[in-house]
S.K.: 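Pasting a structure here, questions to come.
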Amino acid sequence: MDICAVVMAAGDGKRMKSAHSKVTHSVAGKPIIKWVYDALADAGCDEQVYIVGEKQEEIRGVLGEGVCYVFQEQRLGTGHAVMQAEPFLEGRSGYVIVLPGDSPMVSEKTISTAITKMESADYAAVLITARADNPFGYGRVVRDEKGDVIKIVEHRDCSEEELEIKEINSSMYVFKTPLLLSALGRLSASNAQKEYYLTDTIDILIGDGYKVGSVICNFEDTLGVNDRVQLLQATKIMNKRILYKHMMNGVTIVDETSTWIHSDVKIGRDTIILPGSTLMGKTVIGEDCLIGEHTRLDTVIVGDHTTIDSSIASHCSIGDDCRIGPFSHIRPDTKINNNVTIGAYVEVKNSTIDDFTRARHLTYIGDSTVGKNVNFGCGTVTCNYDGVDKAGCTIGDNAFIGGNSNILANVELGHDCYIAAGSTITKDVPALSLGIARNKQDNKEEWVANKNRTHGPIKLDERRSEV
Ligand code: UD1
Ligand code: CA
């Protein structure tokens, strides 16, 4: 069976009030139009044509050149949109699935159910419908006394009686391709909106004596995104589905209202996601980890048994048995190996940190290569930027760096070296050596007393009498 699809996505989505194409907005980390594409591909439909309008470049950017595009110059309605695909449909004998580009909740299951229904009897078309508590704005599905579909009436064209109908048109259909073509050729724009309605093809086919079937699906599965409120609705429903999938796979989610997980994220079993966490992009988390609270990971690969507390990380990898946070910032191109501790107010960028290394507090590591079992004292800074170029340093295994040290760009610290606290290290330190780069301390005795420079309410004489 030849099955292809036409997706209507030429609308400019005015109600989104956005500079971008409506269908390229994301729901759970995936552009709306990509959800539609994936549902079709999962249902086995590889030949897809997209009816696009002004912002077509953005849609092409998302879907690439593996699908066809047809530019709809004037937007004269959904029927007119599908007419643009006529050259693509002509000569085909099988089915065509027609979907709106703004319905991210459409699933492979819904599409397959409609195709199965189509195959079950001699239907010209199958409509996908749903029951809506509030059908305002939707086309209503009108049935005869036997329950057969007779037509779809747009909200604006409904009679009082038709407005009472709760069954709505999802704008998702399967047609026999030659019959759709024959009906498209007979559409007119004599309706409230002076548009060519795709919905009128149903009326026409029934008038021709054909049967039209229907499948009623869950309203949530048909939800269209026309504005930001519906974008949030769709995102919430999709997020809930994603969270449930992870829970069914053995992940503990502590709070479903404050946990946001993108569709491509993978999480190993026995990992616990604490409230306020957002897992984005292509993040992959291993088993038995503790993530959150209030953590954002974007495309981060995390090993097993690692804790990431109140931190932000993106485009980096973190190994097994690490302790990250609270309040760490791990930036792109960082590779943290196993058993590493990155603590409070530590930032790491474009660096490699080997096993058992610890930077527990207030440290910046940039563009550097750090060996195993290195200890960063509080306040260590790799000075990787001279205002023009960026370059990090190389730190050997077992180096011990005293607190508040600066390690300048391109410096190499040998293995097992020791950096005295407060040093600014500008040249290499050989292995097993002490690097110390600070002024010797000089105490000037009684200097404060002689200059009468004491502070605070207690007088010097009083303090002396205490001694
Ligand atoms: C449409 C249906 C309505 C259904 C509703 C479900 C018609 C006449 N009405 O109404 O029965 O209940 O969807 O959400 O079909 N588009 C184009 N070119 C055009 C016009 C529209 O590509 O010239 C695209 C839009 O970008 C959108 C889709 O078609 O993705 C649906 O169009 P929209 O204007 O949103 O239709 P609705 O009024 O929602
Ligand atoms: Ca719509």
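Order of appearance sets the numbers: ligands from 1, and atoms from 1 within every ligand. Sequence positions, counted from 1, serve as the residue numbers for this chain.
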S.K.: N/O to N/O below 3.5 Å, does that happen between Ile51 and ligand 1?
M.R.: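 Looking only at distances, the answer is no, because the N/O contact criterion of under 3.5 Å is not met.
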
S.K.: When you measure from atom 18 (N) of ligand 1 to each heavy atom in Lys14, Gln72, Met8, which option holds the nearest one?
M.R.: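 That would be Gln72.
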
S.K.: Could you work out, for atom 1 (C) of ligand 1, the closest of Ser171, Gly139, Gly101 by heavy-atom distance?
M.R.: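 Closest candidate by heavy-atom distance is Ser171.
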
S.K.: Mark the output for Gly224 as yes if a heavy-atom distance to ligand 1 is under 4.0 Å, and as no if none is.
M.R.: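 Not so, Gly224 does not reach ligand 1.
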
S.K.: Using a 4.0 Å heavy-atom cut-off, say whether Glu195 meets ligand 1 through its side chain, its backbone, both or neither.
M.R.: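 Looking at Glu195 and ligand 1, no heavy atom falls under 4.0 Å.
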
S.K.: Flag Thr78 as yes when one of its N or O atoms lies below 3.5 Å from any N or O atom of ligand 1, and as no otherwise.
M.R.: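 Yes.
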
S.K.: Has ligand 1 got any nitrogen or oxygen that is less than 3.5 angstrom from a nitrogen or oxygen of Tyr173?
M.R.: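 Between Tyr173 and ligand 1 (N or O atoms, distance only) the closest approach is not under 3.5 Å.
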
S.K.: Indicate yes or no: does Lys151 engage Glu162 in a salt bridge with an N to O separation below 4.0 Å.
M.R.: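 A salt bridge is present here (some side-chain N lies under 4.0 Å from a carboxylate O).
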
S.K.: Answer yes when Arg186 and Asp208 have at least one side-chain N-carboxylate O distance shorter than 4.0 Å, and no when they do not.
M.R.: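 Yes, charged N to carboxylate O under 4.0 Å.
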
S.K.: Looking at Ser170, which atoms of ligand 1 are within less than 4.0 Å of one of its heavy atoms?
M.R.: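 It comes down to these atoms of ligand 1: 6 (C).
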
S.K.: Test your reading of the structure: does Ala81 have an N or O sitting under 3.5 Å from an N or O of ligand 1?
M.R.: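 In fact, backbone or side chain, Ala81 has no N or O that close.
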
S.K.: Using heavy-atom distances, let me know which of Gln74, Arg140, Arg75 sits nearest atom 21 (C) of ligand 1.
M.R.: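 The residue whose heavy atom sits nearest atom 21 (C) of ligand 1 is Arg75.
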
S.K.: In plain terms, say whether Glu195 and Arg75 are close enough for a salt bridge, that is, a side-chain N and a carboxylate O under 4.0 Å apart.
M.R.: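 Looking at Glu195 and Arg75, the cut-off is not met.
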
S.K.: Would you say Gly11 has any N or O atom under 3.5 Å from an N or O of ligand 1, going by distance alone?
M.R.: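 Yes; at least one N/O pair falls below 3.5 Å.
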
S.K.: Indicate, with yes or no, if the rings of Tyr138 and His155 have centres closer together than 6.0 Å.
M.R.: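 No.
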
S.K.: Is it true that Glu220 and Lys240 have a side-chain N and a carboxylate O under 4.0 angstrom from each other?
M.R.: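 Salt bridge flag = no for Lys240 with Glu220.
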
S.K.: Please determine whether a side-chain nitrogen of the Lys or Arg among Arg241 and Asp221 lies less than 4.0 Å from a carboxylate oxygen of the Asp or Glu.
M.R.: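 Salt bridge present between Arg241 and Asp221.
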
S.K.: Under 4.0 Å from any heavy atom of Asn169, which atoms of ligand 1 are there?
M.R.: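 So the answer, numbered in order with elements, is 2 (C), 3 (C), 4 (C), 5 (C), 6 (C), 11 (O), 12 (O).
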
S.K.: Just to be sure I read this right, does ligand 1 sit under 4.0 Å from the backbone of Val23, its side chain, both, or neither, counting only heavy atoms?
M.R.: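 Near ligand 1, Val23 shows nothing, with every heavy atom at 4.0 Å or more.
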
S.K.: Please work out, at 4.0 Å between heavy atoms, whether the side chain, the backbone, both, or neither of Ser103 comes within that distance of ligand 1.
M.R.: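 Neither; no heavy atom under 4.0 Å.
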
S.K.: Could you tell me which residues satisfy side chain to side chain contact (heavy atoms under 4.5 Å, CB included) with Ser103, sequence neighbours excluded, listed by chain and number?
M.R.: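 Pro100, Met172.
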
S.K.: With a 4.0 Å cut-off on N to O distance, would you call Asp122 and Lys176 a salt bridge?
M.R.: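 Result for this pair is yes, salt bridge flagged.
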
S.K.: State plainly whether the residues Glu65 and Arg60 are in salt-bridge range, i.e. N to O under 4.0 Å.
M.R.: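 The answer is yes: the pair qualifies as a salt bridge.
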
S.K.: Tell me the ring-ring contact (aromatic ring centres under 6.0 Å, His included) pairs involving residues 36-59, sequence neighbours left out?
M.R.: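 Output for this query is empty, none listed.
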
S.K.: Report yes if Tyr197 has an N/O atom closer than 3.5 Å to an N/O atom of ligand 1; otherwise report no.
M.R.: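 No, no N or O pair falls under 3.5 Å.
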
S.K.: Heavy-atom contacts with Thr199 under 4.0 Å: which atoms of ligand 1 show up? List them by number with element.
M.R.: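 Heavy-atom distances to Thr199 below 4.0 Å select 7 (C), 8 (C), 11 (O), 15 (O).
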
